[in-house]
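Notes to accompany the following structure.
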There are 2 protein chains.
Amino acid sequence: MTADDYIQPVLHTLNPHVSVDCVVFGFDRSALHVLLIERKREQGDLRIKTALPGDLVWEDESLDEAASRVLKELTSLEGIFLKQFRAFGDPNRVRDVKDLDWLSSFREQPQARVITIGYYAFIRMSDFEPEASSFASRVFWQDIHSIPNLAFDHNQITEEAIEVLRADFENRKAGFELLPEKFTLSQLQSLYECILDRKLDKRNFRKKVLKENLITPLPEKQTGVLHKPAQLFELSQHG
Amino acid sequence: MTADDYIQPVLHTLNPHVSVDCVVFGFDRSALHVLLIERKREQGDLRIKTALPGDLVWEDESLDEAASRVLKELTSLEGIFLKQFRAFGDPNRVRDVKDLDWLSSFREQPQARVITIGYYAFIRMSDFEPEASSFASRVFWQDIHSIPNLAFDHNQITEEAIEVLRADFENRKAGFELLPEKFTLSQLQSLYECILDRKLDKRNFRKKVLKENLITPLPEKQTGVLHKPAQLFELSQHG
DNA sequence: ACAAAAGTGTTCGGGATACACCCATGC
DNA sequence: GCATGGGTGTATCCCGAACACTTTTGT
């Protein structure tokens, strides 16, 4: 199939009806967090609105490209693997009056009906110091147990992302990106416990993950801890 | 929250950028099928185009509502449970020249970039004689192993629906709607084999499904078969 | 009697669960 | 020497896989 098989795409312009929203998970050895942003407002306007990083898609980019671009624009994060998990299309999802005024400050058609495609991603919190871009006034981590009221239906989107994360994690399809490069088995267990939200038996857990060959021991141990130093591991190649 | 909390929705008008497509599965005791349609064209135009039932969404309906409505308009099927499984947003997905002419016959903005939300559903083939509506010239079942070339990216959408169906079925989240009201264990096994695409052991299969309590024996047996008549079962309540 | 599908039990291996004590280090 | 988390093995149960013969009906 060649370029001649396609009619010309429209020019580089925003689609006012389709957006993407990104639920970015981070893990800091004790709790799961999601990345939230506050949008810049006009000078002097002190009302704040917290939201997931998200925005309209361009007419000539795919949804996956839009998610990567939006995440980069709002948080400076680049090269993150984002996975689509579901579409949200309630006709009133962006029509609550509590959001209108705020929305008007950065959308040309604030009352347009917008469906949004939810994406989730993982990053190592230690590798990333949230940094606001020109489009966001603040970017920060929030523990998933204390998410504030968010814009639109972003609380619902976050909840569903957590559910999908749990399901994918149990199928070993995702989640290991949250670990530091070198980690101990206790840290790994803590990640499992945070995501699955329950305690696991230490001996059984170790037997299981060691048999799976997903992790490889390093010729290295922890240092500077005030107890028996732990063996360090890394993720196996090929995953 | 009252009606005053929402700004007024736009009038009843189509959103030219968002559509839904429905992958409807049927089962006839030996193979899985999907429901396909051919759109009506002008009199005398013999070129045909086969597609999944799907169309643009209205500005004031949810995606779920749109999927139900579109399915009803194109196939007369009503009251079917449809499950969203993913969004498709390649900017060129409706821009192949092979589709343009055909698309022009029923879309006002045939060259608009459209993202679509895929839904899947199950029905008992025995309960449904496909019936073309005023919008479709033909509605028919097609074995999933011999799907013809479809419009746009509908082949890809169908493939992904089958994958999701398999995954959901293995988690017992979906699929039993495909069975007739009364069925034998062999029919149930055949459904499993068609969906999972592999043979199962009869004795192990029976042990497993009987233990799960998802089905209940009826005080009834097959009649008129030229072999030992089988016990009939129905799905358990609450299921 | 024959054809056709229904129906039925046992064995084996692997994975999940439950559970308690000694070890290496820093202070 | 003590506080702190690191590290280890065994017994049990349940589930999934493999496997072959008898039973009931219609013709």
Side-chain angles (χ1 to χ4, degrees), chain A residues 27-31 166-167 169-173 175 179-234 236, chain B residues 27-31 126 166-167 169-173 175 179-234:
Chain A
F27 174 66
D28 72 348
R29 315 189 168 201
S30 66
R166 291 207 171 109
F169 189 72
E170 299 216 53
N171 298 331
R172 320 253 138 59
K173 285 196 295 191
L179 289 165
E181 257 185 64
K182 300 173 182 179
F183 53 88
T184 67
L185 290 177
S186 291
Q187 282 168 9
L188 183 61
Q189 181 173 350
S190 169
L191 172 64
Y192 272 74
E193 289 176 342
C194 283
I195 293 183
L196 302 180
D197 208 21
R198 63 193 166 94
K199 284 288 169 198
L200 300 172
D201 178 86
K202 184 163 61 165
R203 278 176 290 189
N204 294 336
F205 177 79
R206 284 166 185 238
K207 257 181 293 177
K208 189 164 78 99
V209 298
L210 289 175
K211 185 168 336 171
E212 280 172 353
N213 282 336
L214 293 173
I215 60 173
T216 314
L218 292 165
E220 235 181 303
K221 299 203 167 196
Q222 274 183 319
T223 55
V225 287
L226 51 158
H227 53 76
K228 180 172 172 178
Q231 176 68 245
L232 290 171
F233 290 80
E234 64 179 0
S236 301
Chain B
F27 174 67
D28 71 350
R29 313 186 171 205
S30 65
S126 54
R166 291 208 171 108
F169 189 72
E170 298 217 54
N171 298 330
R172 322 256 135 58
K173 285 196 293 191
L179 290 165
E181 256 185 64
K182 301 172 181 180
F183 53 87
T184 68
L185 290 178
S186 291
Q187 283 168 7
L188 183 61
Q189 182 174 347
S190 169
L191 172 65
Y192 272 74
E193 289 176 344
C194 284
I195 293 182
L196 303 180
D197 209 22
R198 62 192 167 95
K199 284 288 169 199
L200 301 173
D201 178 84
K202 185 162 60 160
R203 281 176 288 191
N204 294 335
F205 178 78
R206 285 168 185 238
K207 258 180 293 177
K208 190 166 77 99
V209 297
L210 289 174
K211 186 168 338 175
E212 280 173 351
N213 283 335
L214 293 172
I215 60 174
T216 314
L218 292 165
E220 237 181 302
K221 297 202 167 196
Q222 272 184 323
T223 55
V225 288
L226 52 157
H227 55 75
K228 179 171 174 179
Q231 176 68 247
L232 289 171
F233 290 80
E234 63 178 0

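Below, read A as the first sequence line, B as the second, and so on, with proteins coming before strands; counting in each chain starts at 1. Model, not experiment: these values are computed from the prediction.
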| What is the distance from CD of B:Gln189 to P of C:dT8, rounded to the nearest Å? | 14 Å
| task | Kindly indicate whether the side chain of B:Thr184, heavy atoms from C-beta on, has any atom under 4.5 Å from the side chain of B:Gln222. | result | yes
| query | Given side chains that start at C-beta, do those of B:Phe183 and B:Ile215 come closer than 4.5 Å, heavy atoms only? | reply | yes
| message | Going 5' to 3' along DNA chain D, which are the first and last nucleotides with any atom under 4.0 Å from a heavy atom of chain A? | response | D:dT4 to D:dT10
| A:Arg203 CZ - C:dA18 P separation (whole Å) | 12 Å
| Do B:Lys228 and C:dG7 share a donor-acceptor pair, side chain to base, under 3.5 Å? | no
| said: Students often get this wrong, so: under 4.0 angstrom with heavy atoms, is A:Gln222 touching a base, only sugar-phosphate, or nothing? | reply: nothing
| note | Rounded to whole Å, NZ of A:Lys207 lies from C1' of C:dC19 at a distance of 10 Å
| Atom pair distance, as rounded to whole Å: CZ in A:Phe205 and P in C:dT17 | 12 Å
| remark: Of the listed C:dA20, C:dT17, C:dA6, the closest approach to the A:Asn204 side chain comes from C:dT17
| said: Taking the nucleotide of DNA chain C with the nearest heavy atom to each, does A:Leu226 or A:Arg198 sit closer to the 5' end? | reply: A:Arg198
| If you look at every strand shown and take non-hydrogen atoms under 4.0 Å, does B:Lys211 touch a base, only sugar-phosphate, or nothing? | sugar-phosphate
| task | Check whether any side-chain heavy atom of B:Ser30 sits under 4.5 Å from a side-chain heavy atom of B:Asp28, and report yes or no. | result | yes
Listing, residues 193-201 of chain A side-chain donor-acceptor contacts under 3.5 Å, not counting sequence neighbours, or none:
from: A:Glu193; atom 1: OE1; to: A:Lys199; atom 2: NZ; distance (Å): 3.4
from: A:Glu193; atom 1: OE2; to: A:Gln189; atom 2: NE2; distance (Å): 3.2
from: A:Glu193; atom 1: OE2; to: A:Leu200; atom 2: N; distance (Å): 2.8
from: A:Asp201; atom 1: OD2; to: A:Arg203; atom 2: N; distance (Å): 3.2
from: A:Asp201; atom 1: OD2; to: A:Asn204; atom 2: N; distance (Å): 2.9
from: A:Asp201; atom 1: OD2; to: A:Asn204; atom 2: ND2; distance (Å): 3.3

| Separation of atom CG in B:Leu232 from atom P in C:dA5, rounded to whole Å | 17 Å
| query | In whole angstroms, how far is the P atom of C:dC19 from the CG atom of A:Leu200? | reply | 15 Å
| task | Looking at every strand, decide which applies to A:Lys202 at a 4.0 Å heavy-atom threshold: base, sugar-phosphate, or nothing. | result | base
| request: Enter the distance from A:Arg29:CZ to A:Phe27:CZ here, rounded to the nearest 0.5 Å. | output: 8.5 Å
| request: Please state whether the base of C:dA16 and the side chain of A:Asp201 form at least one donor-acceptor pair under 3.5 Å? | output: no
| Across the strands shown, which category fits A:Ser186 at heavy-atom distances under 4.0 angstrom: base, sugar-phosphate, nothing? | sugar-phosphate
| request: Take atom NE2 of A:His227 and atom P of C:dC27, then tell me their distance rounded to the nearest Å. | output: 12 Å
| task | Decide yes or no for B:Val209 and B:Phe233: does some side-chain heavy atom of the first lie under 4.5 Å from some side-chain heavy atom of the second? | result | no
| said: Could you check whether any side-chain heavy atom of A:Arg206 comes within less than 4.5 Å of a side-chain heavy atom of A:Ser186, counting everything from C-beta outward? | reply: yes
| said: Which nucleotide wins on minimum distance to the side chain of B:Ala230, given the candidates C:dA20, C:dG26, C:dA6? | reply: C:dA6
